Amino acid sequence: MGKVAYDAVVVGCGIVGAACALELARRGMRVVAVDRGVVGGGATAAGMGHIVVMDDSDAQFALTRYSQQLWHELRLDLPDDVEYEQCGTIWVAADEEEMTEVRRKHDYYRSRGVPTEILDSRLLKELEPNLREGLAGGLLVPQDGVLYPPCAARFLIETAQEQGAKVKIGAEAVQIGRGCVRLSDGAEITAGIIVNAIGAGAPELTAGIEIKKRKGHLVITDRYPGFVGHQLVELGYLKSAHSVSSDSVAFNVQPRRTGQILIGSSRQFGSEGSEVDNSILARMLQRAQEYMPALRSLSAIRVWTGFRAATPDKLPLIGPALGDQSVFLAAGHEGLGITTSLATARLLADHITGAQTQIPIEPYLPSRATKEYVHA
Ligand SMILES: Cc1cc2nc3c(=O)[nH]c(=O)nc-3n(C[C@H](O)[C@H](O)[C@H](O)COP(=O)(O)OP(=O)(O)OC[C@H]3O[C@@H](n4cnc5c(N)ncnc54)[C@H](O)[C@@H]3O)c2cc1C
């Protein structure tokens with residue numbers, strides 16, 4: 001391959017890179033997206049596909065809500081294999097202390113235009129009969145949904161191709177900067193804009209950013225249609241997802257359109273191998289069975305692991321990298337990259353083209369992270 005000029009090279013065809021390629025191509029740019037593996041084969045293939053509004057911070061809320069709405073707008077265009085379902089989330093409260101959190105979350109969401117419903121113990125059991133007796137209640141967020149991430153990434157890339165984007169699979173970037181992407185076979189691609197969208201590997205191509213791998217395990221069962229109706233997440237999940245040091249597990253189950261049930265989830269730092277860790281898997285399943293005892297009688301057909309790309313402040317890096325005007329980041333989405341891919345791409349493309357962004361981009365700009373580290 002000789003030197004070809006493009007307006008933008010997107011490195012990485014996970015769901016985030018795929019969304020960026022599409023958004024930039026839509027703005028009329030000559031785009032090429034490259035990936036060393038296959039489309040949607042990284043964290044995207046490992047993810048749960050929960051499209052969820054979260055409120056760890058106002059910035060996280062803004063990005064997840066914006067993106068959830070973009071998925072909703074796109075739903076009629078999504079092919080069947082993306083399996084998009086607006087099944088809603090129920091945040092399950094085990095006790096009265098967690099019901100206080102249910103009420104806080106309800107007020108926070110409703111005051112920002114997200115419909116929610118507080119469920120008491122009886123209503124919760126009516127909606128999800130396989131949950132154990134004695135849970136205090138929950139919060140239903142009906143506009144949340146689920147989808148099958150690898151097919152969603154493929155759909156975004158194919159739509160980008162329809163808009164004129166080129167895609168190169170099996171192309172590993174070894175260096176990016178100054179308007180040039182160098183591939184492992186020595187080929188170079190030049191472009192005024194380079195988007196680093198390689199997820200957890202992003203620091204390998206862009207020095208000075210802090211992203212750590214956070215390992216997760218998931219289990220999928222055989223088909224049991226109707227066993228679960230909503231994505232169910234324990235409110236204790238918030239505590240475990242917040243913990244940045246220790247290994248944690250939380251009850252988190254998802255109904256798939258196939259009738260299968262996806263069971264999560266775990267979080268581990270410092271475990272870089274992709275092998276299944278039986279002790280954390282056992283803890284995760286134990287936790288799931290505490291909430292849903294009948295899970296014990298189902299057959300699991302597959303277990304896998306994946307790596308979330310975690311930043312210190314739990315917000316992704318979206319926008320110009322420091323020190324090189326041609327490089328932009330779209331990485332570090334931790335456990336929310338499926339949800340936030342579409343909003344990430346919109347924000348980045350708006351920023352690059354000088355258009356008005358729908359939500360402020362500042363909380364996600366890579367420059368904020370550098371400032372934090374300097375003062376840390
Ligand atoms: C267990 C688990 C559960 C999750 N559940 C959810 C969920 O329910 N909801 C949600 O919103 N998110 C969830 N996530 C997070 C979500 O999966 C990720 O945030 C998202 O997939 C990140 O997408 P990405 O495109 O940034 O990265 P990736 O999907 O990792 O894509 C990066 C791509 O870059 C390519 N690449 C890497 N290096 C190079 C290179 N040098 N040159 C060229 N290409 C390269 C890789 O091959 C890969 O295709 C979960 C994650 C895990 C691990």
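Residue numbers count from 1 along this sequence. Everything quoted here is computed from the prediction, not taken from an experiment. Remember, it's 1-based here, ligands and their atoms both numbered in the order they're listed. Atoms considered below: every heavy atom in the structure, side chains included; atoms not considered: hydrogens, waters and symmetry mates.
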Query raised in the report: Is there a heavy atom in Ala197 that sits closer than 4.0 Å to ligand 1?
Result: yes
Requested in this report: Do me a favour and list the nearest non-hydrogen protein atom to atom 41 (N) of ligand 1 with residue, atom name and distance?
Outcome: Ala173 O, 3.0 Å
**Report entry** Within-shell test, Ala200 vs ligand 1, heavy atom, strictly < 4.0 Å
**Finding:** no
**Report entry** Protein contact to atom 18 (C) of ligand 1 [nearest heavy atom, distance to 0.1 Å]
**Finding:** Glu334 O, 3.7 Å
Requested in this report: Write out the residue and atom name of the closest protein heavy atom to atom 9 (N) of ligand 1, then the distance separating them to 0.1 Å.
Outcome: His50 O, 2.9 Å
Requested in this report: Before signing off on this row, confirm whether Glu172 and ligand 1 have an N or O atom pair separated by under 3.5 Å.
Outcome: no
Requested in this report: Evaluate the salt bridge (Lys or Arg N to Asp or Glu O under 4.0 Å) criterion for residues Asp55 and Lys105: first the C-alpha distance (whole Å), next the side-chain angles of each, then the deciding distance (0.1 Å), finally the verdict.
Outcome: CA-CA 8 Å; Asp55 65 341; Lys105 217 171 166 56; 2.9 Å; yes
Query raised in the report: Can you find a heavy atom in the side chain of Leu135 that is under 4.5 Å from one in the side chain of Asp95?
Result: no
Query raised in the report: Between Tyr291 and Asn130, do the side chains contain an N or O donor and an N or O acceptor separated by less than 3.5 Å?
Result: no
**Report entry** Verdict with reasoning, Ile280 to Asp247, per side chain to side chain contact (heavy atoms under 4.5 Å, CB included)
**Finding:** CA-CA 8 Å; Ile280 196 128; Asp247 295 354; 3.8 Å; yes
Query raised in the report: For ligand 1, which atoms, with element, lie under 4.0 Å from some heavy atom of Leu336?
Result: 10 (C), 11 (O), 12 (N), 15 (C)
Query raised in the report: Among the heavy atoms of Ser265, does any lie under 4.0 Å from an atom of ligand 1?
Result: no
Query - atom 49 (O) of ligand 1: the protein heavy-atom neighbour that sits closest, reported with distance to 0.1 Å - result: Asp35 OD2, 2.6 Å
Query raised in the report: Considering distance alone, does some N or O of Gly12 sit under 3.5 Å from an N or O of ligand 1?
Result: no
Report summary line: re atom 26 (O) of ligand 1, the protein heavy-atom contact at minimum distance is Val16 CG2, 3.4 Å
Query - No-hydrogen, no-angle side-chain donor-acceptor test under 3.5 Å, Arg296 and Gln289 - result: yes
Query raised in the report: Is there a donor in the side chain of His230 and an acceptor in the side chain of Glu128, or the other way round, less than 3.5 Å apart?
Result: yes
**Report entry** cation_pi(Arg112, Tyr108) dist<6.0 Å, angle<=45
**Finding:** yes
Query - Any side-chain donor near an acceptor of the partner, Arg302 and Gln260, under 3.5 Å - result: no
Report summary line: the protein heavy atom lying closest to atom 51 (C) of ligand 1 turns out to be Arg308 CG, 3.7 Å
Report summary line: Of Ser341, Gly199, Gly201, Ala43, the residue with the heavy atom nearest atom 28 (P) of ligand 1 is Ala43
Query raised in the report: So, is Ile15 polar-close to ligand 1, with some N/O to N/O distance under 3.5 Å?
Result: yes
Query - Pair Glu85 + Arg257, salt bridge at N-O below 4.0 Å - result: yes
Query raised in the report: Would you say Thr340 and ligand 1 have an N/O pair spaced under 3.5 Å apart?
Result: no
Query raised in the report: Of the protein's non-hydrogen atoms, which lies at the shortest distance from atom 31 (O) of ligand 1, and what is that distance?
Result: Gly14 CA, 3.4 Å
Query raised in the report: When you check the side-chain N and O atoms of Asn196 and Thr206, is any donor under 3.5 Å from an acceptor?
Result: yes
Requested in this report: Please find out if less than 6.0 Å separates the ring center of Tyr148 from that of Tyr84.
Outcome: no
Query raised in the report: What atoms in ligand 1 come closer than 4.0 Å to a heavy atom of Val38?
Result: 49 (O)
Query raised in the report: Which residue owns the protein heavy atom closest to atom 12 (N) of ligand 1, what's the atom, and how far is it?
Result: Gly335 O, 3.0 Å
Query raised in the report: Any N or O on Arg214 sitting closer than 3.5 Å to an N or O of ligand 1?
Result: no
Query raised in the report: Does NZ or CZ of Lys166 come closer than 6.0 Å to the centre of the six-membered ring of Tyr6, within 45° of the ring's axis?
Result: no
Query raised in the report: Numbering the atoms of ligand 1 from 1, which are under 4.0 Å from a heavy atom of Val11?
Result: 42 (N), 43 (C)
Requested in this report: Check ligand 1 against Thr44 and write out every atom of the ligand that is under 4.0 Å from a heavy-atom position of the residue.
Outcome: 21 (O), 23 (O), 25 (O), 28 (P), 29 (O)
Query - Heteroatom proximity flag, Ile338 to ligand 1, N/O under 3.5 Å - result: yes
Report task. Flag Phe307 as yes when one of its N or O atoms lies below 3.5 Å from any N or O atom of ligand 1, and as no otherwise. Result -> no
Report summary line: For Gly306, the ligand 1 atoms with a heavy-atom partner under 4.0 Å come out as 53 (C)
Report summary line: Near Thr339 (heavy-atom distance under 4.0 Å), the atoms of ligand 1 are 10 (C), 11 (O)
Report task. Could you walk me through whether Val195 and Val327 pass side chain to side chain contact (heavy atoms under 4.5 Å, CB included), step by step? Result -> CA-CA 6 Å; Val195 181; Val327 178; over 6 Å; no
Query raised in the report: Does the distance from a Lys or Arg side-chain N to an Asp or Glu carboxylate O, for Glu275 and Lys215, drop under 4.0 Å?
Result: yes
Query raised in the report: When rounded to the nearest 0.5 angstrom, what is the spacing between CD1 in Ile263 and CE in Met284?
Result: 7.0 Å
Query raised in the report: With a 4.0 Å heavy-atom cut-off (strictly under), which part of Pro149 contacts ligand 1: side chain, backbone, both or neither?
Result: neither
